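Note sheet for the following structure.
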There are 2 protein chains.
Amino acid sequence: MPAAESPSRAAAGRRPTLTEVAARAGVGRGTVSRVINGSPNVSDHSRTVVERAIAELGYVPNLAARSLVTRRTDSVALVVPEAETRLFSEPYFSAIIRGVSARLTAAGMQLLLVLVREDEDHAKLASYLTSHRVDGVLMVAVHSGDTLPDLLEDLSVPTVLAGRRNDIEHVGHVRADNSGGARLAVRHLLDKGRRTIATITGPLDMDVARARLDGYREALDSAGVTVDEDLIAYGDFTEEGGRAAMRGLLQRHPHLDAVFAASDVTASGAVLELRAHGRRVPDDVAVVGFDDSIVARHTDPPLTSVRQPIEEMGHTMAGLLLDEIDRRGKGHREVILPTELVVRESA
Amino acid sequence: MPAAESPSRAAAGRRPTLTEVAARAGVGRGTVSRVINGSPNVSDHSRTVVERAIAELGYVPNLAARSLVTRRTDSVALVVPEAETRLFSEPYFSAIIRGVSARLTAAGMQLLLVLVREDEDHAKLASYLTSHRVDGVLMVAVHSGDTLPDLLEDLSVPTVLAGRRNDIEHVGHVRADNSGGARLAVRHLLDKGRRTIATITGPLDMDVARARLDGYREALDSAGVTVDEDLIAYGDFTEEGGRAAMRGLLQRHPHLDAVFAASDVTASGAVLELRAHGRRVPDDVAVVGFDDSIVARHTDPPLTSVRQPIEEMGHTMAGLLLDEIDRRGKGHREVILPTELVVRESA
DNA sequence: GCGAAGCGTGGAACCGCTCCCATGCGGCCT
DNA sequence: AGGCCGCATGGGAGCGGTTCCACGCTTCGC
């Protein structure tokens with residue numbers, strides 16, 4: 001009995017090639033290739049015979065060889081700044097990945113995860129991403145000053161961002177309606193009869209932070225409330241930053257009765273600080289967070305928070321990227337996804 | 001001025017090949033290849049001239065072409081059951097990835113993230129993983145009954161697991177010292193003078209859950225305390241499961257003074273239930289969790305918990321895998337990493 | 001002074017696949 | 001009946017690298 005006959009044997013050693021399949025099926029290489037790629041111009045007989053040979057041999061196409069000629073890799077990279085992964089202990093990270101992965105899988109594509117350290121040089125990374133390993137690039141947590149997206153664009157590598165770097169972003173991206181979400185939050189506080197509403201921002205070199213602050217202003221404006229700049233405290237999305245900002249706010253405005261924090265983590269810091277100063281939440285001061293992260297459900301009291309459709313963002317990003325890969329050159333697009341308010345006990 | 005002269009122009013269009021580099025440098029293709037791969041048998045002059053040509057042309061090697069002949073892809077897959085990603089909102093997921101990525105990057109390798117849905121068939125996935133796209137496979141959250149690791153082993157694809165499926169696991173893996181961590185936790189409770197110590201387990205079809213239960217028994221045994229089976233409640237790592245289990249325990253043992261929960265989430269459920277029954281934590285009942293997850297820091301009171309070195313697990317897994325890839329065939333290995341107790345206010 | 005040894009080098013062969021072209025064949029139209 | 005058209009097919013060329021072999025040159029030993 002010839003050694004190569006058994007599928008399991010064949011799989012264990014060197015794997016069979018298309019040529020071997022052709023030989024076994026008694027057809028030419030072209031025909032096998034056509035069957036594999038689902039070309040319509042194959043007779044039923046050939047197709048059957050080839051499919052059987054493939055099954056018997058346990059043949060799996062060599063993707064490297066294929067991509068060498070097709071110039072496609074059928075995989076895209078998801079670039080994540082390493083510093084952010086800690087922040088991503090939040091559901092954010094996994095939700096984005098789940099969304100991206102679902103869309104990609106549906107298109108038969110693979111996901112390459114690239115963590116990049118802050119200090120790593122962009123040129124090296126860019127050359128990595130252009131080394132014919134990926135068809136496109138997805139980036140999350142891009143900071144305002146990040147030039148990598150431009151670099152990739154120069155290299156004509158299809159790119160899609162989660163969030164934009166500033167309000168004139170020219171690279172394709174998907175983001176949540178941050179200002180809309182903030183308006184929702186502040187309007188909710190107004191509806192509850194709160195009048196002295198403070199806010200704790202995120203780092204303002206991030207567009208999300210700016211947009212959420214804008215929403216805060218807009219909501220007050222359109223309610224006819226004058227924005228008191230002293231009610232705006234600057235945070236950095238961390239718990240400690242939230243505490244510090246809250247401390248400052250209480251000093252300047254001991255009688256404030258509500259706080260809109262630009263992130264749940266910040267909000268949880270604010271809650272801690274409020275309690276330390278003898279304020280009850282929500283009785284004395286109502287608090288609304290942003291992100292609807294796991295923290296929101298575990299603070300005491302649980303946080304009212306603005307939810308963004310993260311998984312859908314991932315899904316949409318992948319979709320946009322696939323579009324760009326297919327019809328290269330066509331202009332970039334931006335998609336804004338709606339946010340919603342999840343009401344819990346803190347406001 | 002010839003169009004191909006400018007690096008940026010060249011980068012934008014079709015990318016230069018090794019042959020073009022050779023032509024420009026005035027050497028043969030072999031020599032360019034040697035320079036790129038750092039072969040010692042190249043004259044200084046050739047090296048200089050080639051390096052300049054590479055820089056001028058903005059040349060980046062085509063990895064597909066390389067891997068076609070070297071039979072290496074320099075990338076590995078991390079396989080994650082999709083159902084688990086939600087659970088991975090915990091730092092676990094990102095910490096593993098960070099560890100894996102760090103080790104891989106150091107070795108110049110790439111990480112392919114593969115989320116697999118429960119219902120997806122293994123054969124398809126396996127053929128994916130064998131299609132010359134990855135050199136090896138890392139798997140997290142493998143359940144007892146999962147046969148994919150065996151399948152991969154049959155196909156002689158190097159594989160390393162996070163955790164083992166059972167105590168006769170034959171595939172290489174890395175795990176935390178779960179029973180040791182449980183012993184630590186229970187001993188801590190004993191040291192605090194607690195005598196009626198209950199435990200809430202995880203799903204016992206998972207090795208981690210079994211190991212943590214074993215540790216509980218061992219700690220009591222070696223302290224000369226007889227294990228009362230009524231003090232063992234079965235949970236499923238969820239908060240609701242923790243509440244239910246706690247409810248049962250309180251019915252059977254109203255006077256218990258401590259609980260060791262096999263996960264923080266379970267523990268947080270237990271704390272909620274205890275409070276609902278008017279028990280104070282830790283005054284009446286001390287609680288210890290497991291995982292030292294973000295939940296542990298946000299419950300009230302913050303949880304004493306067993307920490308496992310997750311990032312290091314990722315790092316070690318990648319290391320083991322790289323070993324297996326290099327010296328194929330040599331036997332598998334298992335590595336057990338130590339756990340430690342993080343004492344907070346709940347015990 | 002001559003052969004052996006050694007080093008740097010160029011280039012052919014090949015990795016496994018897709019693409020395209022040439023070929024053969026049957027069926028349809030005139 | 002003869003000529004065309006179109007479809008299924010086989011196989012050559014080539015994708016962009018690496019590897020290996022043969023070759024020329026220099027250096028060294030006797």
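Protein chains get the first letters and strands the later ones, always in sequence-line order, with residue 1 at the start of each. Note that the structure is a prediction, hence the values are computed from the model and not measured.
Across C/dG10, D/dG16, C/dG16, the shortest atom-to-atom separation from the side chain of B/V27 is found for C/dG10. Considering only the side chain of A/R71, D/dC15 comes nearest among C/dC17, D/dC15, C/dT9. Each of C/dC17, D/dG16, C/dC15 was ranked by its minimum atom distance to the side chain of A/P61; first place goes to C/dC17.
Within the 4.0 angstrom heavy-atom criterion, only backbone atoms of the sugar-phosphate kind lie near B/S46; the bases stay farther away.
From B/L129, atom CG reaches atom CG of B/L148 across 7.0 Å, with rounding to the nearest 0.5 Å. Once rounded to the nearest 0.5 Å, the distance linking CZ of B/R71 with CZ of A/R15 reads 10.0 Å.
Residue B/R29 places none of its side-chain N or O atoms closer than 4.0 Å to OP1 or OP2 of C/dA12. One finds no side-chain N or O of B/R66 lying less than 4.0 angstrom from the OP1 or OP2 phosphate oxygen of C/dC15. Between B/S43 and C/dC7, a side-chain N or O to OP1/OP2 separation shorter than 4.0 Å is absent. Using a 4.0 Å cut-off, some side-chain N or O of B/S33 falls inside it from OP1 or OP2 of D/dT18. OP1 or OP2 of C/dG10 sits under 4.0 Å from a side-chain N or O of B/T31. Residue A/N62 has no polar side-chain atom (N or O) positioned under 4.0 Å from OP1 or OP2 of C/dC17. OP1 and OP2 of D/dT18 both lie 4.0 Å or more from every side-chain N or O belonging to B/T70. A sub-4.0 Å separation between OP1 or OP2 of D/dT9 and a side-chain N or O of A/N41 is absent.
Nearest-nucleotide positions on DNA chain D place B/L68 closer to the 5' end than the other of B/L68 and B/G30.
B/L18 has its CG atom 9 Å from the C1' atom of D/dT18, to the nearest Å. Taking atom CG on B/L63 and atom C1' on D/dC15, their separation rounds to 15 Å, with Å as the unit. What separates CD1 of B/I36 from C1' of D/dG16 is a distance of 11 Å, to the nearest Å. Per the geometry, CG belonging to A/N37 stands 13 Å off P belonging to C/dC20, to the nearest Å. Rounded to whole angstrom, the span from the CD1 atom of B/I54 across to the P atom of D/dG17 amounts to 10 Å. Distance CD (B/E20) to P (D/dG17): 9 Å, rounded to an integer number of Å.
Without hydrogens or angle criteria, A/T130 side chain to A/S127 main chain gives a donor-acceptor distance under 3.5 Å. Side-chain atoms of B/S67 do not come within 3.5 Å of backbone N or O of B/D74 as any donor-acceptor pair.
A salt bridge links B/R333 to B/D323: at least one charged side-chain nitrogen sits closer than 4.0 Å to a carboxylate oxygen.
Between the base of C/dG10 and the side chain of B/R34 there is a donor-acceptor pair shorter than 3.5 Å.
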